[in-house]
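Report on the following structure.
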Amino acid sequence: MQTEPLATGHPLADTIARFAWLIPVFPLVGFVLNGLLSLRAAGHPGPADPSAGGHGHDGHHRGTGGTGDGHADHGHDDGHHAARHPAAALVSLIGPGVLALSFAMTLAILYQVWVVDNALREPYVLTLFSWMPAGKLSVDAAFQIDQLSLVMMSIVTGIGTLIHIFSVGYMQDDPGYPRYFAYLNLFIFFMLLLVMGSSYPLMFVGWEGVGLCSYLLIGFWFSDKANADAGKKAFIVNRIGDFGFLVAMFLMFANFGTLTFAGVGEAAMGAQLGGALVTAICLFLFLGATGKSAQIPLFVWLPDAMAGPTPVSALIHAATMVTAGVYLIARSAVLFSMAPVAQLTVAVVGALTAVFAATIGLKQWDIKKVLAYSTVSQLGYMFVGVGVGAYSAGVFHLMTHAFFKALLFLGSGSVIYAMHKAYHATHSHEDAQDMRNMGGLRKHMPVTFVLMWIATLSIAGIPPFSGFFSKDEILASVFARTHGSTLAEAHWLGIPGSVVLYGVYVLGLAAALMTAIYMTRMMLYTFHGPNRTGEKEAAHLKEAPWIMTGPLVVLGVLSAVGGFVNMPALYAGEYSEQLHAWLEPVLAEGTGITLGEEGLHLSHATEWTLIAIAIAIAAIGIAIAWTRLKPEALVAAKDAKAEEGIEKTLLHKWYVDEAYDKTVVKPTLGISRTLLWKGIDTGIIDGLLVNGSALVVRAVGWAGSQLQSGRVGTYAWVLLIGVLSVLSAFSFR
Amino acid sequence: MTQFLDGIGYNGWILPTLLALPLLGALLMVLQGSMQKQDPDAAMRSARSLAFGIFLAEAVLSLGLWWSVDTVSPDWQAYVDAAWIPQWGARFTVGVDGIALMLILLTTLLMPLTVLGSWTSIRVKTHAYYALLLILTTGMLGVFMALDLVFFYVMWEVMLVPMYLIIGIWGGQRRLYASLKFSLYTMVGSLLMLVAIVYLGLKAGQGGPPVFAYDAVLDMARTMPLAGSFWLFGAFAIAFAVKVPMFPFHTWLPDAHVEAPTAGSVILAAIMLKMGTFGFVRFAVPLFPAVAMHPTVRMVMLVLAVIGIVYGALVALVQPDFKKLVAYSSVSHLGFVMLGIFAMTTESMQGALMVTISHGISTGALFLLIGMIYERRHTRLIEDFGGIAKVMPIFAVCLTIVSLSSIGVPGTNGFVGEFLVLIGSFPTAPYYTIIAATSVIFAAAYLLWAVQRIIYNPLVKPENEALKGNDLNWREIGLLTPLLIAILWLGVYPRPVLQKTEAAAERLVRGVEAGRMGSLGPRPRIGGR
Amino acid sequence: MLAESLALSALLFTIGVVGVLTRRNAIILFMCVELMLNAVNLSFVALSKVHGVGGQVFVIFVMTVAAAEAAVGLAIIIAIFRHRQSVNLEDINLLKG
Amino acid sequence: MSNEFVPLFYGFNFYLFGLIAIASALLFVTRKSPVAAAMWLVNVMFCLAALYVMLDAQFIGAIQVIVYAGAIMVVFLFVVMLLNLGHAGAVSDLRGNAGRLAAGFVGLAMLAEVMVLARTKFPDAMTLKAVHGLGPVDGTAGVIGPIAGPLFNEYLLAFELTSMLLLTAIVGAVVIGKKRNPDAR
């Protein structure tokens, strides 16, 4: 049933890849160690008799009781600078250390694959044990090593390592320090499971696992209700997507009889192109992807997720977890290519999300919220890429986005860190994340300033930064598929596919324009213009320590040059499309179905035109923001006036949260409480049926007791009537 | 191990011993209780140690079943058959297969933990309490191993009385109401079942003395005309549906759970509800496959199962009392079991069994945790808590893990069962499965919301701040550890359990399939050794 | 004369019944019961002419029981009257639990 | 019986006493005064005694007069006088018209019932078997002997039990009827 190649026959079988299972195990070990450290310090077991009361034990607990003395305000609580965790040094070693080990291991395998490149046409499946054998179903705990999973593993472990190192600086003073690293390590474990799993169920384990860690990390400072709420919201919204993932798996198993990537891919090749089955499977998978990757309609959790510590936002909510949906679709490339309608859906939803989120990003004041909406928007881009069957383009953008968005988040983390330190030094309680309180940070944080600009230019799509190449490739792919592909011939809601693709292309350009605008706006308000932090506070603003800026520099380099791995053939000659070629064994089959036998080729003139348009749009966006926005006119948050009209609507994110609350959350709770619980349960079943029958019994009993008057006369009557009845029963038989 | 067990004739005496040991223990308990009456504290200490010792012995003894039982063999294992009431044709017949094996082990392994859970919370009439627990254990084990319908019925009723007393004497405020509701509901169902059993026994006797042996009744029942077996199936089904509980018969459960003492809730959720699903698997469905798989009957059962799943989850969402919330979540989980049974594929059947076991573990653990916090705070209302994670971090970790298991997050036991049920049910009941799958959303919603309001959020209430330094003690940690290990072990490596139950599930499915077509087909098991 | 005796017996019995149902005085009620017993005695005696002397033996038993009943019953009535100053059955509901 | 020759005088007397008995019974249940009612009941009993004699049960007729009319009814009258209930109370103890109507209806129904039952064939299990060794009374074998025989042979146990019953009744009547001394407690 499983089409996995025999481990012994595979070229990777005798190499270090055999020990690939160690890659996720390292972070798992880290999680266990850090978790134990966190608990050991957190609490001694209580008294032998809990009801005896817990007084008199407080003495043992001074300074160690809190696991996460969160602060209403992002991170560092006033009273807790002295409360640096006792095991902090050990944790600082374990946390990033295990990640570095995994990264090294990944690089070793990567090198190995590079060496045997041509031989690795088949993925290497490393089976550990049988996980869920039941009847015809057989799910193995097995890892799949191929070019795609290696790219993802490198991103996860590589960027993960950088962010872990950054966290050492950022979170050092938090009393929940070991707990933080425990969660972070656990997240990496699950993320690796997600990208390394060889079957959908195993991927689902990672899928849910990262959601869980995201839940825990968003709610890291759980003492603030808003944070705990945000974590819960993320998990539940993700669960809606998971429902789609589950149903897709049911459909696959019921129809293909297997759930491994290889098996499903093979079965999908035999399915009918555009058939109802594959379309349904793909749409349900995409529902799963919208949840995890924050697309319309399930994007609402991601902005709230910024309640977590900033490195978490960088790692989970920008670089890795949220791209899982893109990875899922790339993994199911054949499946999606067999269902053009589903592909168009993915592309349209992606494009709409890209524009929609960008509009909201235009008016946010919280620096992390800007980045959050920017992430949603960029994820939309990736979906456009994988949606039109340009899977390698989607993965390419995933990669570059991981670089520059991680950089942006960590940079903003540096800024927030500095702001916080400044406010803390002056005992002020202003919002350290509000851009209206920043301004002119260029002078105080020059390194961060430069690096952030690199990332901004990259995301805006200015050559030669990485974002330009990936974004351009996606837009070019969309344009190329407007004619001659399976997509162009399909119909989406009755609209011809080519028309839809033109629409997607235009939406993509619009999103690019707005991206350039809001990113420039963010840079202007944060780093340029006068400082609005406050006079006393400004003196305390300074660059973060090197343990934090170091990873930023690495990411800056990657953001700047990362795009060169996949330059178009148009001008790069023999260095062109290297990532594309690398991924070709995994993705070519899917892309091939969409493009047909010969593939599609744009003329050079068209390609140059498209490139010119893209650059022009980005440049216009930056120019608009640069000329129209006046950072000098801004006032600090506490003096700012409330927005009105469309600005207010944008600030409130088109009131989507409110709408969901009114149409979904409140009615569900209301129906559950009034109709189901009080109505059916207490009212009908217990009230009418249970107590009703009790009432009938009681009524009969009451009637019987009335006969029991104690008066002989009555008894005589009853007796006689009884005798009469019995006699008549005999006589009228 | 197998050889050693064979050497001591383990299979020959283990089942009667497992039944007798708790009864002897109860006797011992009563004797001990009658000897020392003065000091309730001393009585509590002696009673709980004795009970723990007996339950531990029982657990250790039963462990041998894991090796001694050949789950692939078509024979009943550890089969013992002896005369009991010859005048009625009732015999003492016990034996197990893979399914019963798992439930018996679940029972014996969970009981010592319930004693630990009652360690300090039961302070009055301790000897009587533990004696009742012991008698209850005999009843539960008897139900799982009975292969004679009268013996089964007797054991079924034996369970009822101790539980009634446990709720009624050591329960909460409205304990009398709850215990009465519990017993009335169960009795109504079991009386119908008694009628059906008597009818079947007489019919199987073919005019001679009645025969209640499972195998004989099975052969006879499968040849009955559809119209007649419909009523018999109905009688069995109502008795079991009340116990499960399925949707319209579930309202006794929240009351019983809320009012019962911790150990009572644990046993109720972890084991007694499983009597219902076990009854379906052992009696109602295999005896009358043609009725159970009749399109209309099957549709009704599936609809009720799915209603239970979604309805239980939605109602759980709005419960102010954490114990009640867990009770409604049980309704939802047990709906999965019913879905798996009536979808009738090997995968779904194994999934149903997996849910059965993992619900026992995780809901049992949840009730234990509620008991622990209740002992400290004397409230179960969710709104009374908040920020507990700050003062009781170990408790918070345990609650989080157990809740995740109950939600069905992959890597925990809850996922394996739910996933197998759903993926197994999809081919035969696709639409029901899709509706049932929505509960992954609701389950996350109600439990995470509750968990958030209990252990997260700001720590503002002074009563909760006073919990500082009163985190779980070693006894409580020791009691939760086996459960937490089981949660993770069954989530990561459920294969041993699945393997043990596979043969039984497959025979059941094939037998029902054949029985539906009118032929006799393979029976779940044939005869003893 | 069997048929006539039995008819008379039935008639007297019915009159006794009607008396029991219509009167409230406990003593008169007792007398009505005595009348009913007498009616039954009559049928016993009449039937003994056909079926043997057992009927007459039974009449002796009935009379004995009637005597005992009268003794105890009247004693009870006296006791109740002392307590309630009435022999009206409407006032007496001691049988109520 | 009906196929036997019935002498005219015998038949006349039988009907006469029967009618007197019915009339006395009706008067008995309708009298307000307990004393009057008791007197009419005594009359019924006398008539019945006569009928017993005519039915060849002379001994029963004799003890009917002695025990019923002579002893039991005297006890009744004694109680009536003891409680000073001799004259009708201000309020009749008779029930209202509805009660009387219903009682009449029940009575009629009973009579009808008896008539129907007389023509009903009962299942064998419900009919009494003839007692062995007790032949019909032939009126020539003496007055007491035919009764005494079975009474002290077949029914000896019942007879003795009856004596026990009487003894118990005597003791019970004394205990119940005794006036309690309020200071005794």
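So that the names make sense, note that chain A is the first sequence line, chain B the second, and so on, each numbered from 1.
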Q | Note, I236(A) side chain near Y446(B) side chain (heavy atom, < 4.5 Å) | A |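 The answer is no; the side chains never approach within 4.5 Å.
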Q.
Could you check whether any side-chain heavy atom of I434(B) comes within less than 4.5 Å of a side-chain heavy atom of F243(A), counting everything from C-beta outward?
A.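 In contact.
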Quick one: which of [options] has the most heavy-atom pairs under 4.5 Å with chain A, could you say?
options	answer
I455(B), T346(B), L448(B)	L448(B)
L459(B), L422(B), V409(B)	L422(B)
P254(B), A444(B), G491(B)	A444(B)
V460(B), D255(B), I407(B)	I407(B)
Q452(B), Q499(B), Q350(B)	Q452(B)

For [Y], does its backbone N or O pair with a side-chain atom of [X] as donor and acceptor, under 3.5 Å?
X	Y	result
R239(A)	V440(B)	yes
E347(B)	K136(A)	yes
E506(B)	G135(A)	no

Q. Which atom names give the shortest non-hydrogen contact between L317(B) and S672(A), and what distance separates them?
A.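 Looks like CD2-OG, 4.4 Å.
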Q.
Can you give me the closest heavy-atom contact between F250(A) and A437(B), atom names plus distance?
A. CE1-CB, 4.2 Å
Q) N255(A) versus chain B, heavy atoms under 4.5 Å apart: side chain, backbone, both or neither? A) neither
Q) Between L246(A) and chain B, which part of the residue has a heavy atom less than 4.5 Å away: side chain, backbone, both or neither? A)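 Just the side chain, heavy atoms under 4.5 Å.
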Residue part contacting chain A, namely of [X], when any heavy atom lies under 4.5 Å:
X	answer
F395(B)	neither
F249(B)	neither
Y456(B)	both

If you round to the nearest 0.5 Å, how far is [atom2] of [Y] from [atom1] of [X]?
X	Y	atom1	atom2	result
L251(A)	T433(B)	CG	OG1	10.5 Å
L498(B)	S138(A)	CG	OG	11.0 Å
R495(B)	M132(A)	CZ	CE	13.5 Å

Q. Is the distance between the ring centroids of Y493(B) and F129(A) less than 6.0 Å?
A. yes
Q. Looking at the rings of F204(A) and F415(B), which for Trp means the six-membered one, are their centres under 6.0 Å apart?
A.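 Close enough - the centres of the two rings lie under 6.0 Å apart.
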(Q) For residues 211-218 of chain A, give me every residue with a non-hydrogen atom less than 4.5 Å from any non-hydrogen atom of chain B. (A) L212(A), Y215(A), L216(A)
Q) Which residue out of L259(A), I240(A), D242(A), V247(A) racks up the most heavy-atom pairs below 4.5 Å with chain B? A) I240(A)
